[in-house]
Amino acid sequence: MGSLSIWHWLIVLVIVVLVFGTKKLKNMGSDLGGAVKGFKDGMKDGSATDAAPVQQVANKATDANTVDVEAKTKS
């Protein structure tokens, strides 16, 4: 009574297919697979950048017409 048999899972599967349809379930499966693949690629790229940190270089423009969008006050 506490565990579900194979017949219970088959009935649940049939109800899910009837409610969502096979096309929508297929799209959700491919979206989930793409998300997992993107996550794995991001983790692989993240470990490479942790090993060799990228040094950022500040670019200070001397042109009078250049606007600094990060400036808090007008100088």
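No experiment lies behind these values; they were computed from the predicted model shown.
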key: Shared hydrophobic cluster for Leu25 and Ile15 (ILVMFWY, side-chain gaps under 4.5 Å)   =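 Leu25 clusters together with Ile15.
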
request  = State yes or no: do Val17 and Val19 share one hydrophobic cluster built from I, L, V, M, F, W and Y residues joined by side-chain heavy-atom distances below 4.5 Å, directly or via other members?
outcome  = yes

query = Out of curiosity, Asn27 CG to Leu32 CG, how far, rounded to the nearest 0.5 Å?
reply = 12.5 Å

message = Under the side chain to side chain donor-acceptor pair (under 3.5 Å) definition, can you give me all pairs with a residue in residues 4-26, not counting sequence neighbours?
response =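 Found Ser5-His8.
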
